[in-house]
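Chain letters run A, B, ... following the sequence lines, proteins first and then strands; every chain starts at 1. All values derive from a computational prediction rather than experimental measurement.
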Amino acid sequence: MPPLASRAVFLSAHPEFVMATERYNPRAAEPRWQKAWDGAGLFTTSNESEAPKHYVLEMFPYPSGRIHMGHVRNYAMGDVVARYKRAKGFNVLHPMGWDAFGLPAENAARDNKVNPRDWTYKNIETMKAQLKTMGLSLDWSREIATCDPSYYKHQQKMFLDFWQAGLAERRSAKVNWDPVDHTVLANEQVIDGRGWRSGAVVEQRDLTQWFLKITAMAQELLDGLDTLDRWPEKVKVMQRNWIGRSEGLTIRWALEEATAPEGETELEIYTTRPDTLFGASFMAIAADHPLAKKAAEKNPELAAFIDELRHAGTSAAELETAEKRGFDTGVRVVHPFDESWTLPVYVANFVLMDYGTGAIFGCPSGDQRDLDFARKYDLPVVPVVMPKDGDAASFTVGTEAFTDDGVMINSRFLDGLDTDAAFEEVAKRLEARSVGERKVNFRLRDWLISRQRYWGCPIPAIHCEVCGTVPVPAKDLPVELPSDVSFDKPGNPLDHHPTWKHVSCPQCGGAARRDTDTMDTFVDSSWYFVRFTDPFNTEGPTTAGVADGPKGWMPVDQYIGGIEHAILHLLYSRFFSRAMTATGHLKETSEPFAGLFTQGMVVHETYRGPHGFVTPAEIRIEDREGKRTAVLLSDGTPVEIGSIEKMSKSKKNVVDPDDIIGSYGADTARFFMLSDSPPERDVLWTEAGVEGAHRFVQRVWRLLVEAAPALAAVEPRAGTGAVSRAAHKALKAVGEDIERLAFNKAVARIYELVNTLAAPLADAAAGNGKDLPALREAVEFLLSMVAPMTPHLAEECWATLGGEGLVAAKPWPVFEPALTVDDEITLPVQVNGKKRGDLTVARDADNATVEAAALALEAVQRALEGKAPRKVIVVPQRIVNVVA
RNA sequence: GCGGACGUGGCGAAACUGGUAGACGCAAGAGACUUAAAAUCUCUCGGGCCUUGCCCAUACGGGUUCGAUCCCCGUCGUCCGCACCA
């Protein structure tokens, strides 16, 4: 730097220095480096590499129109991993695509008279441009959109293969039908028994629908969870509960002849508590149970009751508050262990047809629901299990059932046995008589994939009056969606289309019609990660050897996304991988995601003005005497600062990534998303936080630019001083933190290093640098460490230092282990567990030396008050504790 | 109701799962530079006291241990998931 007096003259002659001393301008620099990476083809991944593979994937977005901060956080994390692994020498696959089918496109079509396809692709274009400004190291050559026939063609082929393999089937099912919108609704779309959009009372209808037989793999899906050691325990627990395995017994009860409807001889029930068989006081069957229907034929009152249950609401709220209700069918069953003992059969509203056999035996003393029911209908309550230390003579059940394990009472040959032994005894006896059978049951239901929708993957089936339902021949795939559709009428546009569904039967050639349903969009997202391994293959969904196997990409090494997909998407994908393996589309993959990380949400304060919520952009925060207040920018009206919520349009607490990237740059946005909060937790978006991140970016830039002339021609070399120690320690820690996805800790380590380097860099800039080779090495380390997080900044600094090539292409530096440990360490010295002083010793000092030195400390002597210590505990390189 | 997770400064959080509680950042305060502001730099920053030092602090109450944010028992609170699954 020239002396101040001549600076103006110097600068006018050297405009490049004017550039250099200005603030870092990400708006200019970021697009430049993005172009440089593109030009070098750095992120285009080859399937033919000898390097070990690493597959990093973030959950692909729905093309809603604009990216949001949640995307920024998700993709910033994935990009850190991708860039880091690339620097570590891995062949990294880091692709991006679009979950492009779905209802919003149809709503937009209906409301704005646009074609769903045009709407979707326009959104993709916008969002892709937004993602590009983030500077993500994505292989865009592999981009896919699930709404593209080149994608869903393969999905249709796999559907046919699943069908042939018995993993897909068409059958009748009870569904929520909205009579106004003419469509099936998902359970969560039914609110208080009414369609969420139409407000019409939803009907339960039997419709013939397509199912994927996920239940066929229930056990494997459950067992597979145990192998997923890099999944959050929470997600595994949720999936286990969802699959809901239970072990029990099916028991066939003979109907009492005199009371049995014609042709009916027995009732099969499922129970997990056969031990409580002697506590039975009634049987309960679902309203849809065949026996109920049969009994109702000659009993109009029963028929009316059943009809009433069928029209009762199915919403969660209604089920929760619904009172236990039943109706005695008049049919009686005979107890399997006592021919003289008969029990009544009720139709009950709390028994579900699609679990177990749709029938149970009620043991009021051992089940709260049964007890509620028994009290209401005045049925016997016989305690059959009591606590281990209970008294058989006095133990009774009042309003609370005893559901724990314990000791059997009032149970004839079971008396005195514990619960497990009683279970075994009953099972053994009933199995011997072929009356009972051990049975494993799952809560998991088959996956209903039919949707009466337009904007989805057509189900490639043809219905022929003569031949039945036949597959579309593979050569005719894809079955493409027609583009000339109308959304004027409610219901499925595919069904309304004048010509689309009329085809000839592939088998007999006669007149037939297409299946007009499309697939649930969860199907699309259940295999996209496999498609990314070779999206160029037009012949099949996957390519042998590339998809999986010794040189294949699967499984995904690190999958990152939101916790909201903990069950459905992840479970469906786990099923799909197994089904693809079963049908030869994969070789050996059962678990698609070896590592899963669920990131937290981006949350923000809410602001409420006189006319409802207002956006953060419309207000100004004022800080008066430590009290934060907010006012409208426009006219200064006070605004109430509300609770912190997930960013959402309805709360108007969204911050647009475009605005942030536009004013601070992508690096700042990325760095802030990675700082402070642990990635699995929610992160609070604050203006101050963004400014802090931006200050960091500017600070690194300024420190390096000012020191650059002194360091430009220096060869990096490790020294022995504080600078090298700090650099090597930080390098070690940051690498470990990134491996563990502890981005917030890596950021803290980087801050520490920058703080350490600030003074030496300032000295170098002023011309009194010491050990410049060590400083140069430390700076290069720093740039490598920030490169995964703030990649543009790293490139800009590297260029300023006169570095060759791109940081993005540089290998991760190697730390010197000797430099990461200190020769002298400071040990805390405690007396009775309370810290009384510090002791600086050689790192390899032996315990006796340390002990002597600790005892010699003045503070220790004072605390001991002249007494001899009873014991001295020396934990090498950790602590000394003197026990007085 | 069942299952799970979590409670640490004014705030977001660290603490190598038993070894200096509060790293790093935000906010706040004081100072330097400046005509001034911004930016930047330096310092202070859990509470208390008899302030070279000591006491109390990791939701609360116990326990184990030389030593507990961490392990065990109990209480309170917050969040999430499931919800008649027999």
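Taking only side-chain nitrogens and oxygens, Asn881(A) never comes nearer than 4.0 Å to OP1 or OP2 of U65(B). The phosphate of C84(B) (OP1 or OP2) has no side-chain N or O of Asn349(A) nearer than 4.0 angstrom. At least one side-chain nitrogen or oxygen of Arg699(A) sits closer than 4.0 Å to the OP1 or OP2 atom of C41(B). Using a 4.0 Å cut-off, no side-chain N or O of Arg870(A) falls inside it from OP1 or OP2 of C66(B). In this structure, Arg695(A) does not reach the A38(B) phosphate: none of its side-chain N or O atoms is under 4.0 Å from OP1 or OP2. Contact check, Ser246(A) against A86(B): a side-chain N or O comes under 4.0 Å of OP1 or OP2. The phosphate of C54(B) (OP1 or OP2) has a side-chain N or O of Arg836(A) nearer than 4.0 angstrom. Side-chain nitrogen and oxygen atoms of Tyr355(A) include at least one within less than 4.0 Å of the OP1 or OP2 phosphate oxygen of A86(B). An OP1 or OP2 oxygen of C80(B) is reached within less than 4.0 angstrom by no side-chain nitrogen or oxygen of Lys646(A).
Using a 4.5 Å cut-off on side-chain heavy atoms (C-beta onward), Ile214(A) and Leu571(A) make contact. Two residues are said to be in side-chain contact when any heavy atoms from C-beta on lie closer than 4.5 Å; Asp676(A) and Leu684(A) fail this criterion. For the pair Arg325(A) and Tyr377(A), the minimum side-chain heavy-atom distance is below 4.5 Å. No side-chain heavy atom of Pro232(A) sits less than 4.5 Å from a side-chain heavy atom of Glu680(A). Considering only heavy atoms from C-beta on, Trp231(A) comes within 4.5 Å of Gln239(A) through its side chain.
Residue Thr272(A) is classed as a sugar-phosphate contact, given heavy-atom separations below 4.0 Å to backbone atoms only. Nucleic acid contact class of Glu752(A) (heavy atoms, under 4.0 Å, all strands): sugar-phosphate only. Asp354(A) comes within 4.0 angstrom of no nucleic acid atom, judged by non-hydrogen atoms across all strands. Residue Lys234(A) is in sugar-phosphate contact alone, with no base atom involved, counting any heavy-atom pair closer than 4.0 Å across all strands shown.
Distance from the side chain of Val237(A) is smallest to G4(B) among A86(B), U20(B), G4(B). Among A23(B), U20(B), C26(B), the nucleotide with an atom closest to any side-chain atom of Ile879(A) is U20(B). Among the nucleotides G19(B), A83(B), G25(B), the one closest to the side chain of Gln830(A) is G19(B). Here A14(B) is the nucleotide among A21(B), A14(B), A83(B) with the atom lying nearest to any side-chain atom of Asn744(A). Distance from the side chain of Val351(A) is smallest to A86(B) among G25(B), A13(B), A86(B). The side chain of Trp242(A) lies closest to A83(B) when the candidates are G25(B), A83(B), A14(B). With G25(B), C66(B), A86(B) as the choices, the nucleotide that has an atom nearest any side-chain atom of Val883(A) turns out to be C66(B). Distance from the side chain of Arg681(A) is smallest for A13(B) among the nucleotides A13(B), G25(B), G3(B). Here the side chain of Lys834(A) is nearest to one of U20(B), A83(B), C56(B), namely C56(B). You'll find that the side chain of Pro828(A) is closest to U20(B), out of C55(B), G25(B), U20(B).
In a base pair of the Watson-Crick type (N1 to N3 plus N6-O4 or O6-N4) or a G-U wobble (N1-O2 and O6-N3), with each distance short of 3.5 Å, G1(B) is matched with C82(B). When both distances must be under 3.5 Å, the Watson-Crick or G-U wobble mate of U69(B) does not exist. The base-pairing partner of C50(B), taking Watson-Crick or G-U wobble contacts with both distances under 3.5 Å, does not exist among the strands shown. With a 3.5 Å ceiling on both atom-pair distances, the Watson-Crick or G-U wobble partner of G25(B) is C11(B). Base pairing of U42(B): its partner is A30(B), meeting the Watson-Crick or G-U wobble criterion (both donor-acceptor distances under 3.5 Å). Base pairing of G77(B): its partner is C6(B), meeting the Watson-Crick or G-U wobble criterion (both donor-acceptor distances under 3.5 Å).
U34(B) takes the anti form, because its glycosidic angle lies more than 90° either side of 0. Against the 90° criterion about 0, the sugar-base torsion of G47(B) places it in the anti range. Taking syn as a glycosidic angle within 90° of 0, U17(B) qualifies as syn.
A cation-pi geometry, defined here as NZ or CZ lying under 6.0 Å from the six-membered ring centre and within 45° of its normal, holds between Arg443(A) and Trp242(A).
Here Phe278(A) and His335(A) bring their ring centres to under 6.0 angstrom of each other. Note: Phe373(A) and Tyr346(A) meet the aromatic proximity criterion, with ring centroids under 6.0 Å apart.
Only the C1' atoms considered, G48(B) is 43 Å distant from G3(B), to the nearest whole Å. Between C80(B) and A13(B), the two P atoms lie 16 Å apart (nearest whole Å). With C1' as the reference atom, U8(B) and A68(B) are 14 Å apart, rounded to whole Å.
Of the two residues near RNA chain B, Tyr751(A) and Leu684(A), the one whose nearest nucleotide lies more 5' is Leu684(A). The residue among Ala748(A) and Ser677(A) whose nearest nucleotide of RNA chain B lies closer to the 5′ end is Ser677(A).
Between the side chain of Lys745(A) and the base of C24(B), no donor-acceptor pair under 3.5 Å is found.
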